[in-house]
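Below you'll find the structure, written out as structure tokens, and then a few comments.
Throughout, residue positions are numbered sequentially from 1 according to the sequence presented.
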Amino acid sequence: MGWWIAGAMLAVVVLGAIAALVARTLVLRRRRAAVIRLTADIPINAKWWHEQEHKTGELLYVAVGDSAAQGIGASRPGRSYVGMLAAHMLERTGRPVRVVNLGQSGARLREALDLELPKLRKLHPDVLTVSIGANDIAAFEAERFERELRELYSALPRHAIVADLPAFYFGAAEKKVRIANEILHRIADEFGLEVAPLYAATWRQGGPRYALNQVAADFFHPNDRGYRVWASAFLPLLDRRVPATPSTAADE
């Protein structure tokens with residue numbers, strides 16, 4: 001009987017190991033397919049946002065950022081946090097909003113400085129959001145991060161809303177994010193910039209909840225639900241920047 005129990009337990013362990021291996025293989029296969037699909041979305045989203053630039057609006061909203069600003073991982077570009085904030089502005093004010101999304105997929109601080117900031121200098125936004133730095137975490141260097149972030153923040157208008165970095169939840173990347181956010185808050189305070197609490201908003205969701213229903217199939221970018229969490233971090237500061245008109249305020 002003892003040998004039979006031992007054999008059964010061994011079989012369970014072996015089957016469990018096989019099931020885990022199969023599950024891991026399926027997850028990696030799904031992730032690879034998602035990366036290919038989302039990579040194909042990059043020029044599609046960029047084209048969509050470029051078309052939005054040419055629309056007219058009483059309010060100008062400009063976004064500096066990376067693939068999250070572009071809405072990679074969302075079901076469509078307008079369901080990025082940028083799209084959600086623009087829709088909220090329209091609903092709150094009743095005034096049409098022109099959106100110039102300067103975000104570029106893969107952008108780090110260096111790309112924001114070299115490619116996005118020169119375009120920003122030619123614009124006079126009513127609302128400016130800046131969410132950049134997550135792509136700097138992979139090869140994070142605190143001194144470089146601080147130097148480039150200070151250069152970027154020094155060039156922003158004082159009404160800019162800057163976001164800290166989202167939670168990475170686990171491991172070395174999460175430790176780097178916390179260091180980066182300490183730097184970010186210190187520099188934002190130095191230049192008098194308000195910080196949207198993106199880290200707190202995402203951290204509250206928890207790693208398991210994020211992985212289960214708030215992340216795209218590549219397990220990196222947010223999905224529609226994840227982007228709603230991102231937008232929630234900006235909304236209180238956005239509402240202070242763009243007061244509701246009397247007619248829309250009466251409906252709130």
Side-chain angles (χ1 to χ4, degrees), residues 35 38-39 42 45-46 49 62-73 80-82 100-123 125 127-203 207 210 215-216 218-222 226-227 229-230 233-234 237:
V35 168
L38 294 182
T39 300
I42 292 174
N45 285 32
W49 285 114
V62 178
V64 169
D66 48 31
S67 56
Q70 288 278 301
I72 301 301
S80 69
Y81 76 89
V82 172
V100 177
N101 191 339
L102 300 178
Q104 298 191 21
S105 293
R108 303 162 300 169
L109 285 167
R110 189 70 262 160
E111 284 71 37
L113 287 166
D114 293 344
L115 303 176
E116 300 181 38
L117 186 56
K119 297 177 182 177
L120 174 61
R121 290 192 176 108
K122 301 176 183 178
L123 300 168
V127 172
L128 170 63
T129 61
V130 180
S131 181
I132 193 78
N135 290 324
D136 290 85
I137 293 301
F140 181 72
E141 297 175 8
E143 290 184 3
R144 176 188 57 79
F145 186 88
E146 179 165 353
R147 181 177 65 254
E148 293 179 352
L149 192 69
R150 177 171 280 106
E151 183 180 351
L152 176 63
Y153 282 10
S154 69
L156 299 178
R158 296 290 76 86
H159 72 268
I161 301 171
V162 302
D164 53 14
L165 273 59
F168 277 44
Y169 300 107
F170 309 110
E174 173 64 17
K175 294 179 181 178
K176 294 175 183 177
V177 163
R178 294 187 181 193
I179 295 171
N181 278 338
E182 289 176 2
I183 295 170
L184 186 150
H185 279 266
R186 174 162 46 81
I187 297 177
D189 185 65
E190 178 182 328
F191 289 105
L193 298 170
E194 290 191 292
V195 179
L198 180 57
Y199 180 85
T202 51
W203 177 259
Y210 176 76
V215 69
D218 65 347
F219 297 105
F220 182 73
H221 292 92
Y227 279 122
V229 174
W230 279 54
F234 290 91
L237 300 181

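In this structure, CG in Leu109 is found 11.5 Å from CG in Leu117, a value given to the nearest 0.5 Å. The CG atom of Leu193 sits 11.0 Å away from atom CG of Leu237, with the distance rounded to the nearest 0.5 Å. With rounding to the nearest 0.5 Å, the separation of CD1 in Ile187 from CD1 in Ile183 is 6.5 Å. In this structure, CG in Leu184 is found 3.5 Å from OH in Tyr153, a value given to the nearest 0.5 Å. Distance check: Ser131 OG to Leu165 CG gives 7.0 Å after rounding to the nearest 0.5 Å. Distance check: Asn45 CG to Asn101 CG gives 9.5 Å after rounding to the nearest 0.5 Å.
At distances below 3.5 Å, not a single donor-acceptor pair connects side-chain atoms of Asp66 with backbone N or O atoms of Ile132. Of the possible donor and acceptor atoms, none in the side chain of Arg178 sits under 3.5 Å from a partner among the backbone N and O of Ala167.
Considering only heavy atoms from C-beta on, Val177 stays 4.5 Å or farther from Phe140 through its side chain. Side-chain contact between Glu146 and Glu182: absent, with no pair of heavy atoms (C-beta onward) separated by less than 4.5 Å. Inter-residue side-chain proximity for Leu128 and Leu120 is flagged as met; some heavy-atom pair is nearer than 4.5 Å. Taking 4.5 Å as the limit, some side-chain heavy atom of Asp136 sits within range of a side-chain heavy atom of Glu148.
Heavy-atom minimum distance, Ile42 versus Gln70: O-OE1, 4.4 Å. A pairwise comparison of heavy atoms in Ala107 and Glu116 identifies CB-OE2, 3.6 Å as the closest pair. The minimum heavy-atom distance linking Leu152 with Ala112 is given by the pair CD2-CB, 4.5 Å. Among all heavy-atom pairs drawn from Ser67 and Ser105, the shortest one is CB-OG, 3.6 Å. In plain terms, the two heavy atoms of Leu156 and Val130 that are nearest each other are CD1-CG2, 3.9 Å. Among all heavy-atom pairs drawn from Ala180 and Ile137, the shortest one is CB-CD1, 4.1 Å.
Under the 30°/60° scheme for interplanar angles, the aromatic rings of Tyr81 and Phe234 are found to lie parallel. In this pair, Trp203 and Tyr199 present their aromatic rings parallel. The plane angle is below 30°, not in the 30 to 60° band.
Comment: Glu151 does not engage Arg147 in a salt bridge, judged by the lack of any side-chain N to carboxylate O separation of less than 4.0 angstrom. Salt bridge annotation for Arg108-Glu111: present, with a cationic side-chain nitrogen under 4.0 angstrom from a carboxylate oxygen.
A ring-ring contact (aromatic ring centres under 6.0 Å, His included) with Tyr210 holds for exactly one of Tyr169, Phe170, Phe168, Trp230; it is Tyr169.
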